[in-house]
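Input: a single structure, listed below in structure tokens.
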Protein chains: 2
Amino acid sequence: MTLRHAILGLLSKWDATGYDIKKEFDDFMSIFWHSHLSQIYPELNKLEAEELVTSRLVPQEGKPDRKVYSITNGGIDEITSWVGAPPDIPKIKDSFLMQVFFMDNISADDVIFQLKYYQGVRQKRLDEMKQTVQEAWESIVERQIMTPRLLMSSAVLRRGLEQEVQYIRWCEETIALVEACKSLWDTDTSPDSVLPFNDAKELMENYYNATLALENDEA
Amino acid sequence: MTLRHAILGLLSKWDATGYDIKKEFDDFMSIFWHSHLSQIYPELNKLEAEELVTSRLVPQEGKPDRKVYSITNGGIDEITSWVGAPPDIPKIKDSFLMQVFFMDNISADDVIFQLKYYQGVRQKRLDEMKQTVQEAWESIVERQIMTPRLLMSSAVLRRGLEQEVQYIRWCEETIALVEACKSLWDTDTSPDSVLPFNDAKELMENYYNATLALENDEA
DNA sequence: AAGCCCATGTAAGACGTTACATGATTGT
DNA sequence: ACAATCATGTAACGTCTTACATGGGCTT
């Protein structure tokens, strides 16, 4: 039940058609949300039936009519109370991390290939986001206004960027780790061997210590 | 179609019941996956019908019978090829970031309250994960073995921890930002005012420059 | 006495994805 | 010529969540 809030939130900013909403999702809001037109259109109908939004048809030449939606007072109430409501505990589904978790089933070289490929995917996203940040800042400077709305969207943009930067960095670190521990994949002969541990002992000790040392109270 | 891979991946490590699988999801795997028993049981039945897993009943005293599943060769093939397959582009749904995006609808104090609350939620998760990392390392030291399996799960654990640490840090930074820009919420009188920008100009310039300076090629 | 843990499921409904359907205009 | 963009939707299917159902044993 959050698609409705994504839509109502957007309509609290500007009037829009279902098509416009989809574009906004794919563009700026893709940092935290996504949806298909085939889900947006029925949801808009529901919202209209509940009188949280209203619509009017705007004819165009050579193009289909635009069905432009506006938020009602009821809609404003709904989005405002949702924004102030206790946030959900995050329900993460990261299928790539799951693949990594099970990559002991493939060769070290294949692991590195997968990590490099995914790093590239994330880099592309990061490049697009940097573009968006650039444009957002230029538009603020040009229009010479600062508002709570722009402030909060700046914070969200930054979070999106940070996320990409840090995932990319993790990919790099993990590639280095696997590279350094390639020998573990060779010695799958003796299942109870002690040797594999000694090979990687120092390295893993450092890795775990570094992990436990990760702290949130530094600058 | 990824729940089946979560299950097959687990069964490629140990035999388990549906109930065991659920616990593993909620524990170690919660970094990247979650599911309900009511979805796991039917999926196990499907996997058995497709002969990717087999089951046997293990009677117990005073408790219901355990239906223990084992992976078949077909199941191994399926999970291996999935792990080596091109990763999906990430489909993020972060309803808290969405709330933040629309928080221009509530007061600066309420924004700070929400951010602090969420920071606490994430801190709790982080503390639990640190516990898990500690235990994982102790078990490695105790058993004196290192394997690809343990290596990959260490990397995934680290990613989970990093994610929490960085989200918490972002909450802190954003609280500071909103605190510094509280005045923006007061001056909602004149909609086209130039003043609000000048108030926050330097601060925002720094913020955007810092955002654009975020780089992935540092240590 | 109340509620959680073990252990299995079914059923109904909400939410999300992919495919299908239409049709003019604009760009490569 | 072919694909993309604008703009609306429906239908079928797949996935996920919530509620219901059972029942002994253990803890507070």
Side-chain angles (χ1 to χ4, degrees), chain A residues 1-8 10-11 14-27 29-30 32-50 53 55-69 82 88-95 98, chain B residues 1-8 10 15-27 29-30 32-50 53 55-69 82 88-95 98:
Chain A
M1 269 279 239
T2 325
L3 171 60
R4 64 193 308 112
H5 299 118
I7 293 173
L8 288 172
L10 249 185
L11 293 178
W14 318 288
D15 287 2
T17 66
Y19 199 83
D20 295 336
I21 290 167
K22 167 66 172 157
K23 277 199 294 184
E24 204 67 20
F25 280 9
D26 290 348
D27 189 37
M29 291 169 74
S30 67
F32 56 83
W33 207 255
H34 65 95
S35 189
H36 295 266
L37 278 170
S38 55
Q39 206 186 351
I40 293 167
Y41 287 126
E43 190 64 41
L44 281 166
N45 284 329
K46 268 192 230 166
L47 289 170
E48 192 166 22
E50 294 174 42
V53 303
S55 73
R56 71 207 127 90
L57 283 173
V58 178
Q60 293 186 117
E61 281 170 40
K63 287 178 192 175
D65 293 354
R66 284 164 59 80
K67 199 169 170 187
V68 179
Y69 289 88
W82 179 74
D88 280 354
I89 36 150
K91 289 168 195 167
I92 299 162
K93 289 216 171 175
D94 185 329
S95 68
M98 183 158 114
Chain B
M1 269 278 238
T2 324
L3 171 62
R4 63 192 307 111
H5 299 118
I7 294 173
L8 289 172
L10 249 185
D15 288 1
T17 66
Y19 199 82
D20 295 337
I21 290 167
K22 167 65 173 160
K23 278 199 295 184
E24 204 67 20
F25 280 8
D26 290 347
D27 188 39
M29 290 170 74
S30 67
F32 56 83
W33 206 254
H34 65 96
S35 189
H36 293 266
L37 278 170
S38 55
Q39 204 186 353
I40 293 166
Y41 287 125
E43 191 64 42
L44 281 166
N45 284 328
K46 270 191 228 165
L47 289 169
E48 192 167 23
E50 293 174 42
V53 302
S55 73
R56 71 207 127 91
L57 282 174
V58 178
Q60 294 186 120
E61 281 170 40
K63 287 178 190 171
D65 292 356
R66 284 165 58 82
K67 200 169 168 187
V68 179
Y69 289 89
W82 179 76
D88 280 356
I89 35 150
K91 289 168 196 167
I92 300 161
K93 289 215 171 175
D94 185 329
S95 67
M98 185 159 113

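The chains referred to below are lettered A, B, ... by the order of the sequence lines, with proteins before strands, and numbering in each begins at 1.
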| said: If you assign B:Lys93 and B:Lys63 each to the DNA chain C nucleotide with the nearest heavy atom, which residue ends up on the more 5' nucleotide? | reply: B:Lys63
| request: Grab the CG-C1' distance between B:Asp88 and C:dG16 for me, whole Å please. | output: 14 Å
| query | Got a second to check how far B:Asp27's CG is from B:Asp20's CG, nearest 0.5 Å? | reply | 12.0 Å
| query | Which residues within residues 32-44 of chain A lie with some heavy atom under 4.0 Å of an atom in DNA chain C? | reply | A:His34, A:His36, A:Ser38, A:Gln39
| field | Spacing between A:Leu3 atom CG and C:dT17 atom C1', to the nearest angstrom | value | 13 Å
| field | Flag side-chain contact, heavy atom, 4.5 Å: B:Met1 against B:Trp82 | value | no
| query | Looking only at side-chain N and O atoms, does B:Gln60 come under 4.0 Å of OP1 or OP2 in C:dC6? | reply | no
| message | Are the side chains of B:His5 and B:Trp33 in contact, using a 4.5 Å heavy-atom criterion? | response | no
| query | So among A:Leu37, A:Leu3, A:Ile7, A:Asp26, which one has a side-chain contact (heavy atoms from CB on, under 4.5 Å) with A:Ile21? | reply | A:Ile7
| field | Atom pair distance, as rounded to whole Å: CZ in B:Phe25 and C1' in D:dT15 | value | 14 Å
| Expressed in angstrom and rounded to an integer, what is the separation of A:Met1 atom CE from D:dC16 atom C1'? | 15 Å
| message | At 4.0 Å (heavy atoms only), tell me whether A:Lys23 reaches a base, stays on the sugar-phosphate, or touches nothing. | response | sugar-phosphate
| note | Per atom distances to the B:Tyr19 side chain, the nearest of C:dC6, D:dA7, C:dT17 is C:dC6
| query | Atom CG of A:Leu57 and atom C1' of D:dG9: how far apart are they, to the nearest Å? | reply | 13 Å
| said: When you compare the side chain of B:Met29 with that of B:Leu10, does any pair of heavy atoms fall below 4.5 Å? | reply: yes
| Any side-chain heavy atom of B:Glu48 sitting closer than 4.5 Å to one from B:Val53? | yes
| said: Between A:Tyr19 and A:Arg66, is there a side-chain heavy-atom distance shorter than 4.5 Å? | reply: no
| note | B:Asp27 CG to C:dC5 P, in whole Å, measures 14 Å
| request: Can you tell me the distance, in whole Å, between the NZ atom of A:Lys67 and the P atom of D:dT10? | output: 9 Å
| message | Measuring to OP1 and OP2 of C:dG16, would you say a side-chain N or O of B:Lys91 lies under 4.0 angstrom away? | response | no
| Rounded distance (Å) that lies between atom P of D:dG24 and atom CG of B:Asp65 | 14 Å
| task | Would you tell me if any nitrogen or oxygen in the side chain of A:Lys22 comes within less than 4.0 Å of OP1 or OP2 on D:dT8? | result | no
